[in-house]
Each structure stands twice: as C-alpha cells, then as structure tokens.
Colleague: 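What follows is a structure written as structure tokens; I'll ask about it next.
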Amino acid sequence: MENLLSSLNPNQRAAVEYIDGAQLVIAGAGSGKTRVLTYKIAYLLSRGMNPWNILALTFTNKAAREMKDRIAQLVGPDQARYLNMGTFHSIFLRILRVEAEAIGLRSNFTIYDDSDSRALVGSIIKEMQLDDKVYKPSAVLSRIGMAKNNLITPDAYMSDPQLHERDLRSKMPRIGDIYRIYAQRCLMANAVDFDDMLLFTYILFRNHPEVCCKYAERFVYILVDEYQDTNYAQQCIVTLLTRENSRICVVGDDAQSIYAFRGANIDNILNFQRLYKDSRLFKLEQNYRSTQNIVGAANCLIHHNRRQIEKTVFSENPEGDKITLNIAYSDKEEAAIVANEIRRLHNREHVPYGGFAILYRTNAQSRIFEDELRRQGTPYRIYGGMSFYQRKEIKDIIAYFRLVANPNDEEALKRIINYPKRGIGATSVDKLIAAARRYDKGLWTVVSSPTTFAPEVSAAAARRIVAFHDMIQTYIDQNKQTDAYALGRLIIEQTGLAAEIFSGGDDDAQDRRENVEEFISGLRDFVDSKREEDHADEVYIDRFLQEVALITDADRDTDKDERAMVSLMTIHASKGLEFDTVFVVGVEENLFPSPRACEFPRELEEERRLFYVAITRAEKRCLLSCAKSRYQYGNMLFNEPSRFLREIDPQWMKVNGRLASDRSKFEERNIGSSPNPIPDLARFRRLSAQKNSALTRGIETARPSEISPKQTISIGARIEHQRFGLGRVVSVEGSGENEKATVEFDNAGVKTLLLKFARFNVVG
C-alpha cells in the first residue's frame with residue numbers, strides 16, 4: 001500500500017490516511033477527488049476492514065461503477081465486489097426491500113417511474129374535478145417531490161401555513177389534498193416512487209431505532225461523494241447512520257454547488273463541521289486539469305462569494321493563454337466568432353472537434369450556435385439533451401406551421417388537432433381518418449366538413465372540429481401576405497400554444513418557455529435577414545420550414561463518432577466533464593446571471609458558482625463571449641456584460657472587441673485598454689434601459705428605414721452593422737430603393753445588403 005500512497009500529493013495522502021473520525025474533504029476543481037475516494041477505500045481494506053462494512057454513496061450509477069473498477073485495480077476484484085457502493089436510491093432501495101413491513105409495505109413493492117406517477121396524479125386531479133390546465137400533473141408532482149425531499153409528509157404538508165400560502169399564490173390550493181390521496185393510493189398499490197426511497201428510509205430509521213442501529217453497525221465506515229449536491233433528506237439519513245461512531249468521510253466542493261433547483265442544499269457541506277464537532281477538514285487545492293491562467297481567473301471570480309469554505313486552488317501546469325473575452329455586436333456575430341475560432345484551432349492547432357465544448361446558461365441558447373456550426377459544416381452534438389428543433393414544444397409549433405403551409409400534411413394535422421386540448425378526442429380523430437380512407441379524400445377535406453363525411457362523429461365534437469378548421473384556415477388565408485414572424489406569433493398566441501407552454505409549473509417549464517421565446521426570436525431574425533439581404537419574397541412560413549427541414553435532416557446523421565464532434569451543453573450538464581477548449585457564451589446581465597438570481601444574494605452566489613464550474617471545465621483555453629444585442633421574444637434588446645466579468649482581474653483575461661463608440665448611433669467604447677476591461681456597468685445599464693425601452697415601444701410599427709436611416713456608402717468604407725459587426729464594403733450596385741452593398745464582415749463573412757433595410761453606421 002505504501003507504494004500506492006506514494007503517488008499521492010501530501011494533502012491527498014493526509015486525507016486518505018485519516019480514518020479515525022468524521023472528515024470533510026474539500027476537493028477543488030481538477031484536484032483528484034475520485035482518486036482520493038478510491039485510494040481511501042483501498043486503504044481501509046488494507047487496514048483490515050471488511051468490504052461489506054464500507055458504504056460508499058454516489059449520485060450516479062456511472063460514478064459508482066467507475067469507482068468500483070478503480071478499486072478493483074488497486075485491491076483486486078474479490079474484495080471490490082463485496083463493497084456496498086451505489087447511488088443513494090439504489091442502496092436505500094435494498095434496505096427498504098428488507099425492512100418493508102416496518103413501514104407498511106410488502107417486500108415485493110412496485111417502483112413507480114415518472115410516467116406512472118404522472119398518470120396517477122392525473123387521475124386524482126380528474127377525480128377531484130380540478131382544472132388540469134392549472135393543476136398540471138407534472139407541476140403537482142414536482143411540488144410533492146420537493147416536499148418529500150424535505151421530509152414533509154402529507155399530514156405535515158396539510159398543516160403547514162407557509163406551504164398553503166405558497167399554493168394559494170400559485171392558484172393550486174388543493175395540492176396538499178392531492179399529495180395525501182397520492183400517498184394513500186401508492187400505499188394501497190404497494191408502490192413507491194423515487195422520492196419515497198429517501199422519505200421512507202428516513203422514517204424507517206427515525207421510527208425504528210433498532211433498525212437504524214443494525215445498519216449503523218453494518219456500515220462501519222461511510223463515504224459520500226459530491227456532498228455539496230446532497231439534499232436535506234439525504235443528509236438527515238446519513239446523520240442518523242453516523243450519530244454514534246462518526247466514521248464518515250464526505251468529499252465535495254462548495255464552490256461547485258449548482259443544483260439548488262433540484263433540492264441540493266449547500267448548507268450541508270458548509271455546516272458539516274458544526275454537525276460533527278470533532279471532524280477534521282482536508283483541502284485538495286492543486287488543480288491538475290487547467291493552466292495557471294484559467295485557475296487564477298476562476299479563483300478571482302469565486303472569492304467574491306461570501307458563503308464558502310476558503311481555499312486557494314493552484315496549478316503547476318503551464319501558464320497558458322489568458323482567458324479571452326470576445327465582445328460581439330450581436331448573438332449572430334457571437335455564434336460566428338465561436339464557430340470561426342473552433343475551425344481555426346482545429347485546422348491550425350490540430351485540436352480535435354471532440355476537444356471543444358460550447359457552454360450556455362439555458363438550453364434555448366443552443367439554436368443560434370447549432371445554426372452557425374451547421375452552416376460551416378462543423379460536426380457537433382447536443383450533450384445530455386436534444387437538438388433545438390427536435391424539442392417537443394418546437395415540433396408542436398412547427399406542426400402548426402406545416403399545416404398552414406400545406407393543409408394536406410396529415411401527420412402535422414394529427415399531431416395538433418387536439419393540442420392544446422380542445423375536446424377532439426382520439427375516437428373522433430379515428431373516425432375522421434376512417435372517413436378519409438373511405439371516401440379517398442385528404443384528412444383536411446374531411447375536417448372541413450365532418451358532418452358530411454363522418455356523420456358518426458358526435459355533434460359536439462363536429463362543432464369543435466369545424467372551429468379548429470376555421471382557425472387554421474384564417475392562417476392559411478394570411479400565409480402569403482404575412483411574414484413568418486408576424487404570422488408565427490399569431491399562431492403561437494392565438495391557438496393556445498403559448499398559454500399551454502407558459503403556464504407549466506414543473507421543473508422543465510422554464511426550459512420550454514425559453515425555447516419558445518428563442519424560436520420566436522429566430523423567426524424575427526429569419527425575416528429581418530431575408531429582407532436585409534434582398535430576399536423579401538422568402539420571408540414566409542414555407543421558406544422558413546424549408547430551412548428547418550434541412551436542419552432536422554442534418555440531425556439524423558447517426559454515423560458520426562461523437563468523440564469527433566463539438567459538444568454543446570448547458571453548464572449544469574457539464575459538471576464533472578473537461579475539455580481542451582471551452583467557450584462560455586452569453587455572459588450578459590439578465591442571461592448570466594439570470595434575472596431572478598439578481599434579486600436574491602443566495603441565488604446570485606449560486607450563479608457565480610455556476611460560472612466557476614464553466615471556467616474550470618477548460619484544460620488549455622477558455623473563451624468567454626457576450627453580445628451587445630440579441631433578439632429576445634422577437635424584440636432586439638441591448639444587453640450589458642455580466643457583472644461576473646468585472647470580478648475577474650485583468651491579469652488573467654484579455655478582451656477582443658469594443659463595447660461602445662462615440663458615434664451618434666451606437667455609443668461605443670474601447671475597453672481593451674482600460675485597467676478594468678469592463679466599463680462602468682451602472683452607466684451602461686442606463687444606456688441599455690433607454691435603448692430597450694425605445695425599441696420595445698416602436699419595434700412592431702417601425703419600418704426598417706425608421707430604425708436605421710439610409711446612409712450613403714462607398715467601396716472601401718468601414719461600417720459597423722447592428723447584427724454582423726464590423727466589415728468593409730467591397731462593392732456597391734444599383735440605385736435608389738434597389739441600391740445594394742456587398743460587405744466583407746470580420747466575423748460573419750460576406751453579405752449582400754439591401755441598403756434601404758440595412759442597419760449600420762459608417763465608421764471609417
């Protein structure tokens with residue numbers, strides 16, 4: 001064992017060798033956390049502890065498997081196979097199977113997955129005659145799950161005035177009743193859901209001390225990985241098991257606590273030493289992953305958090321490049337900058353595509369980067385999710401568009417005839433389809449006159465079908481007179497899609513709303529770009545669908561090696577991963593940090609930790625970017641750089657681009673030579689607010705020429721464009737309303753602009 005321990009650094013070795021009491025191991029980013037855990041278990045075994053007396057709790061099955069494989073390499077597979085190692089849920093499930101009768105279950109109980117639970121909650125809502133548009137099963141189940149993870153039983157929920165007040169505010173005052181009935185139904189069915197595995201284990205140990213004592217004696221030594229991600233229930237169960245002997249080792253990093261929205265409680269790791277009075281603290285501060293500049297920037301950022309366990313992470317790797325901040329004119333130029341840099345590093349520095357990651361705060365941000373990477377032919381994948389245009393809410397909207405563009409599109413019609421629900425059930429739809437086959441007619445023809453073709457459909461259903469037909473027909477009538485953005489917004493809002501998607505209260509509701517808002521922004525960008533590039537006849541829904549079809553067709557290529565593809569993902573999904581080169585995009589106020597977080601200090605600190613996690617995914621290069629303007633819900637908004645950028649000392653970061661100039665149209669300022677590369681945010685906030693207010697008031701009615709008066713330009717002129725950034729005019733042709741300029745932009749490539757629509761300033 002001595003030979004094995006000699007490979008550890010002094011801090012790692014000290015953490016491994018201490019086994020006499022409770023210990024907290026703070027493992028900074030890239031500091032060898034998993035290495036310490038595996039060596040510690042191997043060390044315990046070498047000291048004579050039986051493998052079945054060791055309990056190691058992880059958050060994923062993958063982490064448990066990898067750890068057990070590493071331990072097997074150290075001590076041999078015979079000892080490793082007897083370790084109690086797995087996720088909280090898998091370990092506690094085994095205990096509940098054995099002790100089921102003590103909590104009123106039989107050992108053969110069923111485990112309900114999310115779909116089972118949603119179906120049961122939906123049935124209860126229907127039986128209680130509640131509005132399922134208000135009491136959405138997924139939203140109700142989310143509330144119930146959060147209660148269970150905080151060890152709140154149905155009776156406790158019903159008697160808690162604060163929870164009742166919260167439910168009243170969200171117009172769901174009967175959640176407590178639903179929770180009570182749901183728990184009763186699960187018990188009657190001899191079933192548990194995933195959250196019950198924690199709640200019932202806690203109740204078992206609390207109410208049956210002899211059972212708790214039995215498992216405390218069996219699990220002589222307990223280790224917990226990623227302790228900063230534990231919730232209240234997990235922490236309470238571990239405390240019950242270790243209150244007598246305190247032989248526990250928890251490993252984690254408070255600076256990487258980013259899952260509060262899932263119930264993770266950073267207080268568990270911050271207060272560990274108060275809970276275990278004689279515990280010892282070990283700090284792993286050497287980062288083996290990143291360059292010195294990346295580590296320095298990350299340290300500089302995270303030190304602004306007040307609630308943390310102090311540590312100074314360092315690296316002995318090469319100094320490396322400074323973190324780069326690219327300031328783009330727009331989200332479109334930002335995407336071009338990122339895609340161009342990936343191509344440059346791939347071609348010149350030979351960085352494989354699998355070595356790149358683009359990290360963003362919200363899922364919706366993937367769209368514009370997907371579009372640009374696809375345009376340049378760069379292979380990419382969405383890690384831990386799906387491509388923007390494959391997301392359900394987007395496919396639902398596109399189905400409406402398809403039907404408007406082509407009423408004979410039967411698959412689109414079937415998808416949305418009763419979505420959102422409008423009382424046209426599956427039985428009625430089947431009768432319509434049968435009638436279409438019987439008369440050899442298109443389904444749309446039958447829908448236009450259900451009483452003629454399908455008299456077996458009830459009168460009430462027929463009225464609803466006709467109403468649906470008439471609604472779609474109004475959009476069909478407008479299709480060639482109204483551009484894709486204007487008509488698209490009407491469809492999304494008037495069909496009930498927006499209300500359906502925006503009213504959700506479950507964990508994924510915010511993502512769905514942001515995806516729809518991004519889709520609308522994409523529509524606006526599509527229309528404006530077509531007009532500006534003199535393709536006014538291509539601004540309609542059919543052309544938009546044509547582009548989307550090409551995009552989704554590219555998504556079907558399953559032959560590519562994912563290791564040879566750029567990874568796009570949310571920062572939350574990136575935790576635990578590392579890449580040669582990382583791009584952190586959209587680093588702007590109201591995006592990162594999120595607007596809500598800015599109002600609450602605790603949430604703002606979590607946003608800062610999220611930014612810290614993003615930066616520390618990078619091994620050699622970290623490039624940040626922000627855009628001065630981006631479309632949001634169809635309106636162009638002017639944004640300011642994130643406050644977090646000001647917290648990184650200039651010694652760790654270089655800046656490319658300008659924030660503002662002294663020109664009359666765009667106030668910009670070169671921030672690269674400033675001692676602090678980010679200018680006074682209060683001043684910029686005022687400018688942004690003024691611009692955004694003016695745009696919001698006038699965007700719907702203003703003609704392009706009113707937004708940007710036509711200017712005279714000549715060959716060789718240097719211009720700055722509101723969306724494409726800086727460029728040089730290479731040719732001018734036509735005159736009057738038809739005058740065009742071909743411009744070679746620094747990042748966005750060559751564009752031909754119809755000057756009466758173009759939004760730019762001449763700067764040289």
Side-chain angles (χ1 to χ4, degrees), residues 1-27 32-59 61 63-88 90-95 98-99 201 205 210-227 230 234-235 237-252 272-273 275-282 284:
M1 193 64 198
E2 178 62 32
N3 290 336
L4 289 175
L5 295 181
S6 64
S7 65
L8 303 175
N9 70 38
N11 286 2
Q12 290 174 333
R13 180 162 183 163
V16 165
E17 291 182 320
Y18 181 74
I19 58 173
D20 296 326
Q23 70 179 123
L24 169 62
V25 180
I26 295 298
K33 168 181 67 69
T34 304
R35 185 180 179 84
V36 166
L37 274 172
T38 54
Y39 274 67
K40 188 173 189 69
I41 292 172
Y43 182 73
L44 288 168
L45 294 171
S46 75
R47 295 292 298 269
M49 187 171 290
N50 296 316
W52 50 85
N53 291 138
I54 298 173
L55 171 63
L57 296 167
T58 66
F59 274 87
N61 290 313
R65 285 193 302 270
E66 290 180 352
M67 202 181 301
K68 185 170 282 192
D69 289 344
R70 290 197 196 184
I71 294 167
Q73 292 173 8
L74 296 176
V75 301
D78 289 340
Q79 288 200 79
R81 75 162 57 96
Y82 293 110
L83 291 166
N84 294 290
M85 183 175 291
T87 65
F88 282 87
S90 65
I91 296 294
F92 296 157
L93 174 60
R94 281 185 243 159
I95 294 173
V98 176
E99 312 294 343
T201 302
F205 289 163
E210 73 286 357
V211 176
C212 185
C213 183
K214 178 175 75 173
Y215 287 98
E217 290 176 354
R218 178 179 301 176
F219 303 137
V220 176
Y221 205 99
I222 296 177
L223 303 98
V224 184
D225 190 17
E226 303 286 10
Y227 194 67
T230 55
Q234 290 162 334
Q235 185 260 335
I237 295 168
V238 170
T239 301
L240 287 174
L241 286 171
T242 58
R243 60 186 171 185
E244 295 298 330
N245 65 26
S246 295
R247 300 189 75 180
I248 179 175
C249 171
V250 301
V251 182
F272 181 85
Q273 292 179 278
L275 185 62
Y276 295 89
K277 300 295 184 184
D278 298 323
S279 62
R280 286 185 55 182
L281 173 66
F282 297 82
L284 310 181

Colleague: Mind checking what makes side-chain contact (heavy atoms from CB on, under 4.5 Å) contact with A64, not counting sequence neighbours?
Modeller: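 By the side-chain contact (heavy atoms from CB on, under 4.5 Å) rule, A64 matches T58, M85.
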Colleague: What's the spacing between R47 CZ and I19 CD1 if we round to 0.5 Å?
Modeller: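 It is 4.5 Å, given to the nearest 0.5 Å.
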Colleague: Can you list every side-chain hydrogen bond (donor to acceptor under 3.5 Å, both in side chains) pair that touches residues 69-79, not counting sequence neighbours?
Modeller: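 Matches after skipping sequence neighbours: D78-R81.
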Colleague: side-chain contact (heavy atoms from CB on, under 4.5 Å) with R94: which residues, sequence neighbours excluded?
Modeller: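 Testing R94 for side-chain contact (heavy atoms from CB on, under 4.5 Å), a comparison that skips the adjacent residues, returns N84, I91.
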Colleague: Return the set of residues passing side chain to side chain donor-acceptor pair (under 3.5 Å) with T201 (not counting sequence neighbours), or none when no residue passes.
Modeller: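 By the side chain to side chain donor-acceptor pair (under 3.5 Å) rule, T201 matches no residue at all.
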Colleague: Quick check: closest heavy atoms across F205 and V211, and the distance to 0.1 Å?
Modeller: CE2-CG1, 4.2 Å
Colleague: For F219, which residues count as a ring-ring contact (aromatic ring centres under 6.0 Å, His included) partner, sequence neighbours excluded?
Modeller: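 Applying ring-ring contact (aromatic ring centres under 6.0 Å, His included) to F219 gives none.
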Colleague: Please name all residues satisfying ring-ring contact (aromatic ring centres under 6.0 Å, His included) with Y82, sequence neighbours left out, ordered by chain then number.
Modeller: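 If we apply the ring-ring contact (aromatic ring centres under 6.0 Å, His included) test to Y82, skipping adjacent residues, there are no hits.
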Colleague: To the nearest 0.5 Å, what is the distance between CG (L241) and CD1 (I248)?
Modeller: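 So the gap between those two atoms works out to 9.0 Å.
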Colleague: I want to check something: taking the side chain as every heavy atom from C-beta on, are T230 and L57 in contact at a cut-off of under 4.5 Å?
Modeller: no
Colleague: Less than 4.5 Å apart, any side-chain heavy atom of F88 and any of V224?
Modeller: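 Yes, side chains in contact.
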Colleague: With the side chain counted from C-beta on, respond yes when R218 and L55 share a heavy-atom pair under 4.5 Å apart, and no when they do not.
Modeller: no
Colleague: What is the minimum heavy-atom distance between A27 and K33, and which atoms define it?
Modeller: CB-CB, 3.7 Å
Colleague: Hey, what do you get for CD1 (I41) to OG (S46), rounding to the nearest 0.5 Å?
Modeller: 12.0 Å
Colleague: Identify, with sequence neighbours excluded, every residue that meets side-chain contact (heavy atoms from CB on, under 4.5 Å) alongside L275.
Modeller: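 So L275 forms a side-chain contact (heavy atoms from CB on, under 4.5 Å) with Q235, T239.
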Colleague: Partners of Q234 by side chain to side chain donor-acceptor pair (under 3.5 Å), sequence neighbours excluded?
Modeller: none
Colleague: Tell me if a side-chain donor or acceptor on K40 pairs with a main-chain N or O of Y18 at a distance below 3.5 Å.
Modeller: yes
Colleague: For V16 and V36, work out which heavy atoms get closest and say how close.
Modeller: CG2-O, 3.7 Å
Colleague: Between R280 and D20, is the closest basic N to carboxylate O distance under 4.0 Å?
Modeller: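 No salt bridge links D20 with R280.
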Colleague: Among all residues two or more places apart in sequence or in another chain, which pass the side-chain contact (heavy atoms from CB on, under 4.5 Å) test with L74?
Modeller: L4, Y39, A42
Colleague: Just wondering, do L37 and M67 contact through their side chains at under 4.5 Å, heavy atoms?
Modeller: yes
Colleague: Name all pairs fulfilling the side-chain hydrogen bond (donor to acceptor under 3.5 Å, both in side chains) condition that reach into residues 241-250, sequence neighbours left out, sorted by first residue then second.
Modeller: T242-Y276
Colleague: What residues form a side chain to side chain donor-acceptor pair (under 3.5 Å) with T87, not counting sequence neighbours?
Modeller: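 T87: side chain to side chain donor-acceptor pair (under 3.5 Å) contacts with S90.
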Colleague: State which residues pass side chain to side chain donor-acceptor pair (under 3.5 Å) with N53; sequence neighbours excluded, sorted by chain then number.
Modeller: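 With neighbours one apart ignored, the set is N50.
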Colleague: Do I54 and L45 have side-chain heavy atoms sitting under 4.5 Å apart?
Modeller: yes
